[in-house]
There are 2 protein chains.
Amino acid sequence: MSDIRILLVDDHPVVRAGLRAMLADFPGVTVVAEASDGDAALVELSKLNTLGEPVDLVLMDLQMGSGMDGVTATEKIKAGEAGNPPPPVLILTTYDTDADILAAVEAGASGYMLKDAPPEQIRQAVLSAAAGQTALAPEVAARLMGRIRNPSPALSGREVQLLELLATGMSNRAMAKQLFISEATVKTHLVHIYSKLGVDNRTAAIAVATQRRIIRGH
Amino acid sequence: MSDIRILLVDDHPVVRAGLRAMLADFPGVTVVAEASDGDAALVELSKLNTLGEPVDLVLMDLQMGSGMDGVTATEKIKAGEAGNPPPPVLILTTYDTDADILAAVEAGASGYMLKDAPPEQIRQAVLSAAAGQTALAPEVAARLMGRIRNPSPALSGREVQLLELLATGMSNRAMAKQLFISEATVKTHLVHIYSKLGVDNRTAAIAVATQRRIIRGH
DNA sequence: AGGGCGATCATCCAAATGGTTGATTCGGGT
DNA sequence: ACCCGAATCAACCATTTGGATGATCGCCCT
């Protein structure tokens, strides 16, 4: 059987070099192309497809400095826009936040590994993913379990709206005026937000909401 | 003249492999040791020192998942605890926020490069740093320049530190305990921060500081 | 028809935060 | 020797925020 043909996607030349070197040590896999962001990845995919040399696995970072991010790219790949059938996508990234994992899984990723994983773990993940199986880093799997056991209550639309204003530094009074409601109502919403996020003041709420990507953080 | 002897410090095996591969392509440099965090780095340094084979340059990430972080490690290296004279430290990291840069420079780093830099830029930085010169990434240098041209009153190191804790949602009391200072002092710092940033409460301060990339917006 | 939930508002009280003034210490620079 | 800014702390008071409780209204769902 021929080698597993891999497309590397990462905006850091250093990381690409590392993966290339690491994968070169694994028998049975070959890096056939590289890209520095999602746009370039899609181009590479379709190019290789028309050449009749489709890739078997996309190994991609989620955070890309510029260009299309990993989640969007995963969605597009899975939509089949760049060759049929779409190859499995293995996410290899730095962060293991709930929001990141969730987004990746929802976008159709076949696996989620962390960059600080030992080479052997990465090798296993690459092989499983290429074989069509799911490969999750132990840390990630554990986190998902915790998430299922501890479902954090969803914020209502109004609450998210409050949270967004809150993150701009507005006072209760300012938010009340902006939303045409009373300060009392603002306070009620805030109390609900705090209890849902498990915090007890506004700055902590912003910190948690930002970290969970409930609101934008920059 | 003999090769520049380098110690690699990064908690990601992938990144270490990448740097190793990249540096192998540069003539005149040799990676003599690797470490996954600050503690291990100090051990390696003193070990090589007693062997009479001191390193000429430490190439280190700032963010280390576990163990001693890069800033602390830089301080210790510069304090000469791990061999005399202390080698220059070149920071190679992912983020270019003021807080990170400030901390690294204050800790005595000789340079600050971003991981998404092209190999050639990294090569130049390695050579300059090993030669005892300062090497800043263009993005970083530009940021510092803009800071100078835009005389928005500079925050002191302590103030930035406060701001970082603030952004995690800590109360005045919590910050006071964490920094071993009184709440009165915390409040004084906050007042200074507010006036320098042109705001009048903590959440607004976080919003502005994040926008200006004084701190990381997660 | 009734139950649940989101959104709205009020009141009362406690705790945290913000604003002001003033003071001390320490280090760097003229 | 002198000045200045950073960092430290204190005391005071006004304002804001947080927490508890309770209430009304409208909507969706069964």
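Each chain gets a letter, A, B and so on, in the order the sequences are listed, and its residues count up from 1.
As a whole-Å value, the separation of H192(B) NE2 from dG22(C) C1' is 12 Å. Rounded to an integer number of Å, the gap from L179(A) CG to dG6(C) P is 18 Å. dG18(D) atom C1' lies 15 Å from atom CG of L197(A), rounded to whole Å. For K187(A) and dA23(D), the NZ to P distance is 18 Å, given to the nearest whole Å. Atom pair L166(A):CG and dT17(D):C1' shows a separation of 11 Å (rounding to whole Å applied). Between K196(A) atom NZ and dG18(D) atom P there is a gap of 17 Å when expressed in whole angstrom units. The CG atom of N201(B) sits 13 Å away from the C1' atom of dA16(C) (whole-angstrom rounding). Atom CZ of R173(A) is separated from atom P of dT17(D) by 8 Å (rounded to the nearest Å).
Of all nucleotides listed (dT8(D), dG19(D), dA6(D)), dG19(D) comes nearest to the side chain of Y194(A). Taking only side-chain atoms of S182(A), from C-beta outward, the nucleotide of dC9(C), dA7(D), dA10(D) with the closest atom is dC9(C). Relative to the side chain of S171(B), the nucleotides dT17(C), dG18(C), dT17(D) differ in distance, and dT17(C) lies closest. For S156(A), the side-chain atoms get nearest to dA7(C) when compared with the rest of dT17(D), dT20(C), dA7(C). Side-chain proximity of A184(B) to the nucleotides dC9(D), dT8(C), dG6(C) is greatest for dC9(D). When the nucleotides dT16(D), dT8(D), dG18(D) are ranked by their closest atom to the side chain of I181(B), dT8(D) comes out on top. Each of dG19(D), dT8(C), dT17(D) was ranked by its minimum atom distance to the side chain of D200(A); first place goes to dG19(D). Picking from dC9(D), dA7(D), dG18(D) the nucleotide with the shortest atom distance to the side chain of T185(B) gives dC9(D). Checked against dG18(D), dT20(C), dC12(D), the side chain of V191(B) finds its nearest nucleotide in dT20(C).
The main-chain N or O of A184(B) is found under 3.5 Å from a side-chain atom of S182(B) such that the two form a donor-acceptor pair. Using modelled atom types, one side-chain atom of R5(B) and one backbone atom of E53(B) make a donor-acceptor pair closer than 3.5 Å.
Of all heavy-atom pairs between L57(B) and P87(B), the closest is N-CB, 4.2 Å.
Using a 4.0 Å cut-off, some side-chain N or O of R158(B) falls inside it from OP1 or OP2 of dT8(D). Between H189(A) and the phosphate of dT8(C), there is a side-chain N or O to OP1/OP2 separation shorter than 4.0 Å.
Each of N172(A) and T188(A) was matched to the nucleotide of DNA chain D holding its nearest heavy atom; the match closer to the 5' end belongs to N172(A). Of the two residues contacting DNA chain D, namely T203(A) and E183(B), the nearest-nucleotide position lying further toward the 5' end is that of E183(B).
Between the side chains of D61(A) and T93(A), at least one donor N or O lies within less than 3.5 Å of an accepting N or O.
Here the CD1 atom belonging to I6(B) is positioned 9.0 Å from the CZ atom belonging to F26(B), to the nearest 0.5 angstrom.
Inter-residue side-chain proximity for L166(A) and L163(A) is flagged as met; some heavy-atom pair is nearer than 4.5 Å.
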